[in-house]
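Chain letters run A, B, ... following the sequence lines, proteins first and then strands; every chain starts at 1.
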Amino acid sequence: MKLLFQLSIRNLCRNKRRNAMLLVAIAVAVAGVNATNTLLRGYQYDMLESAINNLTGHVKVMAEGYVDDPNVKHSFELSSEQLPQLPEGMVVGWADRLRIPAVIMSERETRGIELVGVDPAKEDISFIGEAEIEGEFLQGADDGRVLVGKELARQLQTSVGRRLVLIAQGADGLNRERGYRIAGTFDADGTGLEKNYVFVGLSSLQALLETQAITELSVRVDREEQRLPAKSALRAAFPELQVKDWRELDPQVAEMFKFADASLFIWFFLMMGALTFGLVNSLIAAVMERVKELGMMRALGMQNSTVLVQVVLESIILMTVGVVSGTCVSLLIYWSIADGIDLSAYAEGAEMVGVSSVLQPVLLSEDVFLVAIMSIILGILASFYPAWRVIKIRPLDALRR
Amino acid sequence: MTDPVVVCRGVSRTYQQESVPVHALSQVDFTVYPGEFVSLSGPSGSGKSTLLNIVGGLDRPDEGSVSVDGVDLGELSESKLAELRLHKLGFVFQAYNLIPVLSALENVEFIMQLQGVSPVERAERATAVLDRLGLADMLHRRPGELSGGQQQRVAVARAIVSEPVLLLADEPSANLDSSTTKDLLELLKQLNEEGMTIVTATHDTMVMSYALRQVHLRDGQIEHDDQVQSA
Ligand SMILES: Nc1ncnc2c1ncn2[C@@H]1O[C@H](COP(=O)(O)OP(=O)(O)O)[C@@H](O)[C@H]1O
Ligand SMILES: [Mg+2]
């Protein structure tokens with residue numbers, strides 16, 4: 001094997017120019033695929049992040065019927081202040097909320113919104129915990145002021161410190177009406193959130209609606225893969241309630257998420273397909289130059305399978321060197337853009353669809369590994385045809401050339 | 001008498017040249033016994049190489065049977081034929097046909113690697129053979145750095161290193177001048193005296209003169225087959 005390996009290396013050195021060009025092409029393709037992957041992953045994770053931040057969490061517990069009719073009647077009580085036992089170290093945070101449709105009125109305008117009663121201390125798991133606030137954030141669960149989106153404030157033609165009136169249905173089916181002072185306005189990615197959500201202290205809202213209940217329990221786990229175990233643990237803990245994960249709650253984003261996964265593969269096969277074409281041609285040239293020599297070795301008794309091994313070996317060596325250098329280049333590219341690419345120049349459009357204006361590339365070692373492995377597999381496959389081309393020629397005919 | 005190394009019976013080989021059949025060999029019977037040094041001679045196109053290639057398992061006859069060392073070649077698959085060539089036959093070709101990117105030593109080792117000989121034994125045997133052929137100082141030179149005569153010696157070393165039952169040489173002197181040819185023939189003679197069976201195809205009278213049996217071909221048939229009294 002050592003001699004075969006040496007032979008392959010030396011054969012590759014025979015045509016330095018051709019192989020160097022091929023190496024550059026492999027490296028560029030691998031670097032390109034990896035760089036694109038980090039951007040696609042960045043976009044995908046951003047999408048996931050906003051879907052989860054969007055008050056969804058990874059997994060959510062709700063009363064039966066709430067999804068179809070989000071109403072205070074479809075609510076439940078959380079008996080203890082403790083989250084039911086979930087696998088150790090999995091849960092990053094959780095929040096109980098009372099979320100109901102409501103009407104909000106300023107002196108000038110009226111809007112339909114979703115009124116969300118929150119415990120501000122628990123909301124570091126959602127976008128509102130990190131949102132930029134003008135004025136003040138809610139001070140506690142019993143804070144009787146509201147937090148409205150910038151866009152909503154603009155539409156209602158109101159501002160921090162002024163009063164708004166909210167009308168919502170209580171547990172008894174009767175409407176409640178109350179005036180609230182605006183504690184602050186929040187800025188979210190995408191005006192959709194700003195128009196839709198109005199936050200108020202949870203206990204304060206419960207008092208208004210004369211209930212102890214909540215409508216949802218949102219749980220955030222550490223990693224996306226923990227979503228399913230967390231879901232089944234919560235199912236076991238709340239057998240009478242509905243437990244859904246973000247993919248079920250936000251099927252559109254879930255589709256987009258899957259599409260991004262598929263794009264990675266499509267892109268890989270496009271780039272690598274073109275490359276493989278070049279590789280096959282180059283290997284054919286390399287073996288055809290040596291057809292006489294290979295014929296002589298076969299005449300001496302070298303098996304056809306050994307010819308194949310030799311061509312495969314050369315291809316693997318080429319690919320490996322190319323992939324390694326390409327991966328190094330892509331790491332350099334990644335580090336140079338690791339702080340994120342500022343898309344604010346095009347952010348007008350981006351904010352509309354709820355994507356943040358800074359694209360943060362995400363480098364997954366699995367992706368890099370997969371690209372490397374698949375490239376090398378492609379390299380092996382690419383050597384079959386050239387090997388077959390020489391094997392097809394009888395040793396005697398090869399010798400006579 | 002001992003069993004023959006090569007037995008050809010009624011061997012015919014016809015090539016199609018632009019749809020004209022060319023009878024390279026017709027109904028040839030040819031037997032080689034251990035220890036013989038046979039030259040196949042005859043004019044160009046008389047079928048010398050064809051016979052040698054058929055005996056060497058590189059070509060198959062259209063008619064007739066060939067056996068080498070008791071094995072009927074007609075029954076072997078391509079892969080088994082390659083195995084037989086690897087383990088039982090040694091080849092020396094007209095052009096030296098060494099692997100240009102391997103040194104003299106590696107060229108000789110390569111064949112043993114294919115045979116699955118261990119690295120230590122490989123290096124030992126290759127060095128010993130090259131040493132014996134007067135190439136001790138050339139072990140690490142690549143073919144391009146060797147003269148024609150030296151390259152042909154390396155090719156002989158490669159052919160005999162695994163002690164084949166039969167050494168086949170097709171026009172081994174074609175690219176050599178007369179003094180290197182003489183050296184090569186002395187080497188072959190010496191190998192033959194040590195028991196190596198040799199069949200060589202040649203139209204070089206000097207090569208013929210070293211052979212102990214001269215088989216003369218014409219138009220794909222054996223014209224005469226003479227034992228030469230060794231001096
Ligand atoms: N592969 C081939 N295809 C067609 N004709 C061939 C082939 N090999 C040999 N021949 C023909 O067969 C005849 C015998 O060839 P060969 O055995 O090489 O002769 P020699 O070695 O005695 O010069 C020649 O007429 C040659 O042209
Ligand atoms: Mg010939």
Quiz item: If you look at every heavy atom in B/L40 and B/K48, which pair is closest and at what distance?
Solution: O-CD, 3.5 Å
Quiz item: side-chain contact (heavy atoms from CB on, under 4.5 Å) with B/V38: which of B/V215, B/T197, B/I198?
Solution: B/V215
Self-check item: Per-residue contacts, residues 101-136 of chain B versus chain A, heavy atoms under 4.5 Å
Solution: B/V101, B/L102, B/S103, B/E106, B/E109, B/F110, B/I111, B/Q113, B/L114
Exercise. Please test A/V307 against A/V390 for side-chain contact (heavy atoms from CB on, under 4.5 Å), starting from the C-alpha separation and ending with a verdict.
Key: CA-CA 8 Å; A/V307 177; A/V390 262; 3.9 Å; yes
Quiz item: Is the count of non-hydrogen atoms from other residues, nucleotides or ligands lying under 6.0 Å from B/Y15 atom OH greater than 12?
Solution: yes
Exercise. Would you mind checking if B/R142 and B/E145 are paired as a salt bridge, meaning a charged N to carboxylate O distance below 4.0 Å?
Key: no
Quiz item: Using 4.0 Å as the upper bound for N to carboxylate O, is an ion pair formed by A/R14 and A/E293?
Solution: yes
Quiz item: From A/L39 CG over to A/L363 CG, what is the distance, rounded to the nearest 0.5 angstrom?
Solution: 11.0 Å
Exercise. Check each atom of A/L396 against the heavy atoms of chain B and say whether the ones under 4.5 Å are side chain, backbone, both or neither.
Key: side chain
Self-check item: Residues in residues 76-92 of chain B that sit under 4.5 Å from chain A, counting heavy atoms only
Solution: B/S79, B/A82, B/E83, B/R85, B/L86, B/F91
Quiz prompt | For chain B, the option from A/M302, A/K292, A/R290 that forms the most heavy-atom pairs under 4.5 Å | solution = A/M302
Quiz item: With only heavy atoms counted, which part of A/R394 is less than 4.5 Å from chain B, the side chain, the backbone, both or neither?
Solution: side chain
Exercise. Rounded to the nearest 0.5 Å, what's the gap from OH on A/Y334 to CG on A/N37? Could you check?
Key: 12.5 Å
Quiz item: A/L294 versus chain B, heavy atoms under 4.5 Å apart: side chain, backbone, both or neither?
Solution: neither
Practice problem: Before accepting this row, confirm whether a basic side-chain N of the pair B/D62/B/R13 lies closer than 4.0 Å to the acidic partner's carboxylate O. | Solution: yes
Quiz item: Considering all heavy atoms of both residues, which atom of B/M196 and which atom of B/I160 are nearest to each other, and what is their separation?
Solution: CE-CG2, 3.8 Å
Quiz item: Can we say A/K258 and A/D261 salt-bridge, meaning some charged N sits less than 4.0 Å from an Asp/Glu carboxylate O?
Solution: no
